[in-house]
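Chain identifiers are assigned alphabetically (A, B, ...) following the order of the sequence lines, protein sequences preceding nucleic acid strands; residue numbering begins at 1 within each chain.
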Amino acid sequence: MVSVTVEFLGGLDVIVNKQRIHQVQIDEEGVDMKRLISYIADQMITNKNDVEVFLEDGSVRPGILTLINDTDWELEGGEGYLLEDKDVISFTSTLHGG
Amino acid sequence: MVSVTVEFLGGLDVIVNKQRIHQVQIDEEGVDMKRLISYIADQMITNKNDVEVFLEDGSVRPGILTLINDTDWELEGGEGYLLEDKDVISFTSTLHGG
Amino acid sequence: EQEKRYPLSLEEFRRYGRQMIVEDTGGVSGQIKLRNAKVLVVGAGGLGCPVLSYLAGAGVGVIGIVDNDVVDTSNLHRQVLHNSTTVGMLKCESARQVLNKLNPFVEVKTYPVRLNNANAFEIFEFYDIILDATDTPLTRYLISDVAVNLGKTVVSASGLGTEGQLCILNYNNEGPCYRCFYPKPPTPTSVTSCQEGGVIGPCIGLVGTMMAVETLKLILGEYEKNGFQPFLKTYSGFPEQVIRTFRMRGKQSNCACCGQTPTVTRESIESGLINYDAFCGSRNYDVC
Amino acid sequence: EQEKRYPLSLEEFRRYGRQMIVEDTGGVSGQIKLRNAKVLVVGAGGLGCPVLSYLAGAGVGVIGIVDNDVVDTSNLHRQVLHNSTTVGMLKCESARQVLNKLNPFVEVKTYPVRLNNANAFEIFEFYDIILDATDTPLTRYLISDVAVNLGKTVVSASGLGTEGQLCILNYNNEGPCYRCFYPKPPTPTSVTSCQEGGVIGPCIGLVGTMMAVETLKLILGEYEKNGFQPFLKTYSGFPEQVIRTFRMRGKQSNCACCGQTPTVTRESIESGLINYDAFCGSRNYDVC
Ligand SMILES: [Zn+2]
Ligand SMILES: [Zn+2]
């Protein structure tokens, strides 16, 4: 079981009831980022048409940055990172306006 | 014994060797803010003429804000607050330029 | 004719459309709040320049500017609303000319005076929100004291070098005032103003821009919606750009101005009983 | 005569004195670095306006502006360098007029063209630092790709609504480039630009002001002194003003542009082999 904070930034909150910050608890052992991502797609995105805003080919869509405790997930092991209690996982879409 | 981080912001670092962030360890029991302040005046301010920039009538000079873990020390008990390990204590002088 | 049927003119829809479609602004009703708002900016210097531009751009109905200083070449690295051709002109007038061209829908009132005990109430009364963009402790106490006595909210900021600070005072007559934070004034010798201390243009400009954001939030009712918690924000530009938010004390019941038995009243201020010069030490008052 | 004896003229001392006394600027030697610097700003919109003002104010020797758009009334709530009397004028020209008056010591070069595969190298070559203040993914890839191939550092920012993002790309040819962060472009339909999304003036302005601070730090050698760690900063204005700093990946050895076997080369870009339109979807390119 693991309990983490998940943030949807840069406008991404539109896919999760316009709520930026979510407390997420997953009652499984060894939850990695890959599992969290599928959990978000299955359990948290209310309108299933919005899943493609978040996922592409089974992974986080290009243009969305994924952060683990304010650090690029590439530096933390990416999809294989094992979640720990109190981790803060952030997804932010890249903005393009200027 | 207690080990805390002490920050000198808003230009106050000039009185402590121009170093903003200090790790401070005091080998005593029951260290409160009042003791930390006297410790800073006695042990950390290198030029004794600078003590009056930090202290007035034995307490932190008017115009300097004192924060305990990013919270106004007035909300945390002021001089009587007992330090805990890993606390972050910040002193910042009030700026007036515009 | 058209003005009667629609709350905003077509030209206003065109001008403000891009901000009206941002959900936080509240669309048409938010734009009308902005048009009905009257904001006084004390100081058209490093903080005041970006504040004035963005408030005028957003369509704040009336903007007052208090500043009795004239534009100097040494201001221009940070006071980017003014320019080399307005050197020697009153800053409030130099600013007014630019704002009138930026947005003719906004009424700009100028007060080329030094704010003091005698004139502050008269100037403040007309406005909803007061912005403290000045540079001396003297004026910071005066602005807060007068605003509390008139029941106005203050957005107060300051900056020096590469750093800045921002807070909201007397929010809705519920939040703390300047004297709640600083019951005793600093000794004059310990205060550095930008006169002597130096300042980096975009660092003070960033804090001024933060003031504009806070002012829009006040007008649009953002704090009504989400609640107000007293805070002080600090910005530093070097070595890394960081905003920190400190949670601050609330209104103090023993505050000399906003407390239960205030001594800093309209009478004591206007009569000169509260002597701001002696209180803070007699320093040259220059909005810079 | 005087120019020969002193590195700066008396007029320059007067104009820049207040920033030169800030320790972080490095005084005279820092001011000379600023005077020798050549900075290109792509986009004179919501980000570009404050950047241009503060860089000109600070005394950056040559400032180039790339923008082929004209000023529209709907820009003015956030693009506060322009005004109602320059509606219809090219933005780069409108900006140049203001900057020339703000600081006659600064040379302003204008490029009223749409940046593309064919002209980017020629324009970029003259400059030391490139600022990406544009609003489409297409241009963000193009700017990063060309800068990497010419060995230039990029300050890249964007904003929408009440939020913004900022990073430094290809820092000193050591840091990551845009493709290191985003190897695959987003699908066009998932991208909102300010064309449709709306934006609050001082929020995008604050991010533009952050760009100016980063540019001054690059010119003054701040990152040489303290070391560079790849980062992405995000700003949000509502409900609370916050800057967050994310620690980001470094240069990727498999990056198509800055990696060990690059396919995105000057030749492949200029020949049109890299098709930015197809790559990112064909969207209208408008710097707004
Ligand atoms: Zn009070
Ligand atoms: Zn790369």
Which one, D:Met20, D:Lys217, D:Glu214, D:Glu23, leads in non-hydrogen pairs under 4.5 Å with chain C?
-> D:Lys217
C:Lys233, part contacting chain D, at a heavy-atom distance under 4.5 Å | side chain
Per-residue contact mode, D:Gln241 against chain C (heavy atom under 4.5 angstrom) = both
Note: C:Gln19 and C:Leu34 closest approach over all heavy atoms is NE2-CD1, 3.6 Å
List in chain and number order the residues that pass side chain to side chain contact (heavy atoms under 4.5 Å, CB included) with C:Arg247, two or more places apart in sequence or in another chain; answer none if no residue qualifies.
-> B:Thr71, B:Leu75, B:Glu76
Most chain D-contacting option - heavy-atom pairs closer than 4.5 Å, from C:Val80, C:Leu99, C:Val51 | C:Val80
Any idea which of C:Phe13, C:Tyr16, C:Tyr54 has the most non-hydrogen atom pairs under 4.5 angstrom with chain D?
-> C:Tyr54
Where on C:Glu240 is there a heavy atom nearer than 4.5 Å to chain D: the side chain, the backbone, both, or neither?
-> both
Which pair of non-hydrogen atoms, one from D:Thr209 and one from C:Gly205, has the smallest distance, and what is that distance?
-> CG2-C, 4.1 Å
Selection from D:Gly201, D:Ser84, D:Ser74 maximising heavy-atom pairs under 4.5 Å formed with chain C = D:Ser84
For the candidates D:Thr162, D:Asn103, D:Leu206, which exhibits the highest count of non-hydrogen atom pairs separated by less than 4.5 Å from chain C?
-> D:Leu206
With sequence neighbours excluded, tell me which residues meet side chain to side chain contact (heavy atoms under 4.5 Å, CB included) with C:Thr234.
-> C:Gln165, C:Leu232, C:Arg244, C:Phe246
Region of C:Tyr235 in contact with chain D, defined by heavy-atom distances below 4.5 Å = side chain
Determine, stepwise, if the pair C:Arg35 / C:Glu12 fulfils salt bridge (Lys or Arg N to Asp or Glu O under 4.0 Å).
-> CA-CA 10 Å; C:Arg35 192 174 63 184; C:Glu12 287 173 296; 3.1 Å; yes
What are the two closest non-hydrogen atoms of D:Val22 and C:Gly197, and how far apart are they?
-> CG2-O, 4.4 Å
With no hydrogens and no angle check, is any side-chain donor or acceptor of D:Thr86 less than 3.5 Å from a backbone partner on D:Met89?
-> no
Of the listed residues (C:Pro239, C:Ala212, C:Ala58, C:Gly161), which shares the most heavy-atom pairs with chain D below a 4.5 Å separation?
-> C:Pro239
Between D:Met211, D:Arg15, D:Arg14, which has the largest tally of heavy atom pairs under 4.5 Å with chain C?
-> D:Arg15
Verify side-chain contact (heavy atoms from CB on, under 4.5 Å) between D:Arg78 and D:Ile200, making sure each step is shown before the conclusion.
-> CA-CA 7 Å; D:Arg78 65 194 187 283; D:Ile200 290 187; over 6 Å; no
